[in-house]
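As a basis for the values below, the full set of heavy atoms in this structure was taken, side chains included, without hydrogen atoms, waters or symmetry mates. Residue numbers run from 1 in the order of the sequence given.
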Amino acid sequence: MTRLAREIAEIEAHAQPPRPDRRALAVLARLAAGETTTQAADHEHIPQGTVHRLLAVARDVLGAETTTQAVVFADRRGLIPPLREDTTT
């Protein structure tokens, strides 16, 4: 094995799998708690279109075919953060 191949193998061995960004994980957490996408958008103070875009990216990153799968995959990987209370309402 060449030096370059060894270095690549070492980097790949320590690489973390891709993960959705913080906002996508916040939306996934709200869906996991039983909220609808509309409720999640309201609580996260973002447009519903942004919620759908974030979920599409999360599905892609997590290798999920559906949003439900994305929630399950994220939860199994320990990526779902605890819900923060909305103190503005």
Show me the donor-acceptor pairs within less than 3.5 Å that the side chains of residues 53-65 make with the rest of the protein, sequence neighbours left out.
from : atom 1 : to  : atom 2 : distance (Å)
R59  : NH1    : T67 : OG1    : 2.8

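When every heavy atom of L25 is checked against every heavy atom of P20, the shortest pair comes out as CD1-O, 3.6 Å.
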>> Set out, in order, the CA-CA distance, both residues' side-chain angles and the distance that settles side-chain contact (heavy atoms from CB on, under 4.5 Å) for V27 and I46, then state yes or no.
In response: CA-CA 10 Å; V27 171; I46 57 177; 4.2 Å; yes

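Under the side chain to side chain donor-acceptor pair (under 3.5 Å) criterion, R76 pairs with no residue at all, not counting sequence neighbours.
A donor-acceptor pair under 3.5 Å is formed between the side chain of Q39 and the backbone N or O of T36.
In this structure, the side chains of T68 and V71 stay at 4.5 Å or more apart for every pair of heavy atoms.
A salt bridge links E44 with R30: the distance from a Lys NZ or Arg NE/NH1/NH2 to an Asp or Glu carboxylate oxygen falls below 4.0 Å.
Separation of atoms CD1 (I80) and CG (D75) is listed at 5.5 Å; rounding is to 0.5 Å.
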